[in-house]
Each structure stands twice: as structure tokens, then as C-alpha cells.
Engineer: 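Have a look at this one before I ask anything.
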Amino acid sequence: MAARRNAILVRYKVFIEDDDTASGGSGGGGVIPVDDIISVSGLTLGEEGTVTVPEWDRDTEISNGKRKLAPLGLKYKLKGNNLPTFKFFTSWWENRNSQIKKIRVEICDRAWKVLYTLVFTGVEISGHKMEDQDLGTPKLGIWEVTTRPYDVFMTDADGNIIVSEGGIG
């Protein structure tokens, strides 16, 4: 009888870099590893819309060629040693009209070996808030950052593009 293997434990690393050269940003410089992230939501390559087309005696749904991306959410817990993370997100929120970032999420296995990477480009911050607080619960002090990515692409562990920007592989 073959031994069953456990599923790969997925871990992630989050990096944020300046993606905006038009408004004075460096456009690729200053990669910031954000080690304090405790939750990431919206890791998706997008969803494609559909349009209904009449075809003789029935209606058929086909792709409309437009891809929608879900908001990318990052949560972190405010602790004494991660005040730089709080200051970074607060500064980004304060200057949200002029700063566009690139967020790279590396998906890793148990040994922190990168399996694949999702790179979100043209990311604007759309929210920086603290969750509802219940005294005495483990979620005390958790901040949530909501962002709107313009596009996303995926690479493998060697940096080869699996899914290019625009969703065309």
C-alpha cells in the first residue's frame, strides 16, 4: 500500500516595490519585504466576463474578453517591532493619489522554496483600516490594507512567465 503524502503546506512572502515612474517614483527600485503580513486575500489571476449570444433556438454564453481582478487584501498585526510596516502603509495611504506600487507574492512550500510567484502591477491602495476590536481576542490590533491591482502575471520558481500580463499565456 502506497503511503499517502500530505498536501504541500503553502506559505507566502510579500514584497512591495515602487511601480510608478510618472509621478517621481523610481519604477522598480526600493523593494520592501513585508514580513508582518498574516493574511492575504484576492490571490487570483482574474475572472473573465461573459456575454449572451443568441444562436438559433438557444442562447450561448461566450467570453467577452474582459478580465476583472478582485481587490488584493493584506492583513498585519500591529506590534512594537512592525511599526515600520504601519508607517509604510500609512504613508502610502496618505499619498494614495500619487503612488502606484507593484506587489509580489511568492508562494512557497514547507522549506520556503518558491513554487510560483504572483506579481500584481499598477497597484493602488484603496483602504487602510483596523478591524472591529474585541478586547481579549487574538485579533486585537489587526490592520487591513485593501488594494486595487491593474494587472497580474505569474512566474514559476525560475522566473519564467507562466501567465503573462493581460491573462494571455
Engineer: Are the side chains of P33 and K13 in contact, using a 4.5 Å heavy-atom criterion?
Structural biologist: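 Side-chain contact under 4.5 Å: no.
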
Engineer: Using the test side-chain hydrogen bond (donor to acceptor under 3.5 Å, both in side chains), find all partners of R96 that sit at least two apart in sequence or belong to another chain.
Structural biologist: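 Scan of R96 (side-chain hydrogen bond (donor to acceptor under 3.5 Å, both in side chains), adjacent residues dropped) gives none.
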
Engineer: Got a sec, which residues hit side-chain hydrogen bond (donor to acceptor under 3.5 Å, both in side chains) with E94, two or more places apart in sequence or on another chain?
Structural biologist: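 For E94, no residue satisfies side-chain hydrogen bond (donor to acceptor under 3.5 Å, both in side chains) once neighbours in sequence are set aside.
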
Engineer: Taking L115 as the starting point, is it possible to reach V119 by hopping between hydrophobic residues whose side chains are less than 4.5 Å apart?
Structural biologist: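 No; L115 is not reachable from V119 via cluster members.
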
Engineer: Is it true that Y12 and I162 fall in one hydrophobic cluster, defined by side-chain heavy atoms closer than 4.5 Å?
Structural biologist: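 Yes; tracing contacts between hydrophobic side chains, which count when under 4.5 Å, links both residues.
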
Engineer: Check the pair E47, K68 against salt bridge (Lys or Arg N to Asp or Glu O under 4.0 Å), reporting the backbone distance first and the verdict last.
Structural biologist: CA-CA 5 Å; E47 281 188 29; K68 296 184 285 186; 5.5 Å; no

Engineer: Check whether N160 reaches the backbone of D156 with its side chain - one donor and one acceptor, N or O, closer than 3.5 Å.
Structural biologist: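 Side chain of N160 to backbone of D156, a donor-acceptor pair under 3.5 Å: no, none is there.
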
Engineer: Is there a side-chain contact between I100 and Y150 in this structure, where contact means two heavy atoms from C-beta onward sitting under 4.5 Å apart?
Structural biologist: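 Side-chain contact under 4.5 Å: no.
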
Engineer: Side chain to side chain contact (heavy atoms under 4.5 Å, CB included) with W143: which of L78, L74, T85, T90?
Structural biologist: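 Result: among L78, L74, T85, T90, L78 is the only option passing the side chain to side chain contact (heavy atoms under 4.5 Å, CB included) with W143.
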
Engineer: For F89, enumerate each residue passing the ring-ring contact (aromatic ring centres under 6.0 Å, His included) test, keeping only those at least two apart in sequence or located in another chain.
Structural biologist: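 Checked F89 against ring-ring contact (aromatic ring centres under 6.0 Å, His included); matches are Y76.
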
Engineer: If you link I, L, V, M, F, W and Y whenever their side-chain heavy atoms are under 4.5 Å apart, who else ends up in the same group as W56?
Structural biologist: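 Other cluster members: none.
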
Engineer: Using every non-hydrogen atom in the two residues, find where L72 and P149 come nearest and quote the distance to one decimal.
Structural biologist: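 For L72 versus P149, the nearest heavy atoms are N-CD, 4.1 Å.
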
Engineer: Give me the atom names and distance for the closest heavy-atom approach of R11 to D109.
Structural biologist: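 Minimum heavy-atom contact is CD-O, 3.7 Å.
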
Engineer: Quick one: OG on S91 to CZ on F86, what's the gap to the nearest 0.5 Å?
Structural biologist: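 Answer rounded to 0.5 Å: 11.5 Å.
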
Engineer: Do V14 and Y116 belong to the same hydrophobic cluster, where Ile, Leu, Val, Met, Phe, Trp and Tyr are linked whenever their side-chain heavy atoms lie under 4.5 Å apart, directly or via other members?
Structural biologist: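 Yes, one cluster joins them.
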
Engineer: What distance do T121 atom OG1 and K102 atom NZ have between them, rounded to the nearest 0.5 Å?
Structural biologist: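 Between atom OG1 of T121 and atom NZ of K102 there are 7.0 Å.
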
Engineer: Taking atom CD1 of I37 and atom NZ of K75, what is their separation to the nearest 0.5 Å?
Structural biologist: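 Spacing of CD1 (I37) from NZ (K75) equals 11.5 Å.
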
Engineer: A side-chain contact here means heavy atoms from C-beta on lying under 4.5 Å apart; do F120 and L43 qualify?
Structural biologist: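 With C-beta onward as the side chain, the pair touches.
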
Engineer: Calculate, to the nearest 0.5 Å, the distance between atoms CD1 and NZ belonging to I125 and K101 respectively.
Structural biologist: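 I125 CD1 to K101 NZ: 9.5 Å, rounded to 0.5 Å.
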
Engineer: Are I161 and I107 co-members of a hydrophobic cluster defined by side-chain heavy atoms under 4.5 Å apart?
Structural biologist: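 Cluster IDs for I107 and I161 differ.
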
Engineer: My understanding is that only residues two or more places apart in sequence, or in another chain, count here; which of them pass side-chain contact (heavy atoms from CB on, under 4.5 Å) with K66?
Structural biologist: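 With neighbours one apart ignored, the set is N64.
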
Engineer: Determine whether V152 and R67 make a side-chain contact, defined as any pair of heavy atoms from C-beta on separated by less than 4.5 Å.
Structural biologist: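 Answer yes - side chains close enough.
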
Engineer: From E17 CD over to I32 CD1, what is the distance, rounded to the nearest 0.5 angstrom?
Structural biologist: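 So the CD of E17 and the CD1 of I32 are separated by 9.5 Å.
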
Engineer: Apart from I38 itself, what residues make up its hydrophobic cluster when side-chain heavy atoms of I, L, V, M, F, W and Y under 4.5 Å apart count as a link, directly or indirectly?
Structural biologist: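 Its cluster partners, ordered by chain and number, are I142.
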
Engineer: Hey, is the main chain of S126 close enough, under 3.5 Å, to the side chain of T146 for a donor-acceptor pair?
Structural biologist: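 Absent.
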
Engineer: Does any non-hydrogen side-chain atom of V123 lie less than 4.5 Å from one of W92?
Structural biologist: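 Answer yes - side chains close enough.
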
Engineer: What are the two closest non-hydrogen atoms of V114 and A157, and how far apart are they?
Structural biologist: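 Scanning both residues completely, I find the closest heavy atoms to be O-CB, 3.1 Å.
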
Engineer: Supply the atom-to-atom distance F153 CZ to L45 CG, rounded to the nearest 0.5 angstrom.
Structural biologist: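 It is 11.5 Å, given to the nearest 0.5 Å.
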
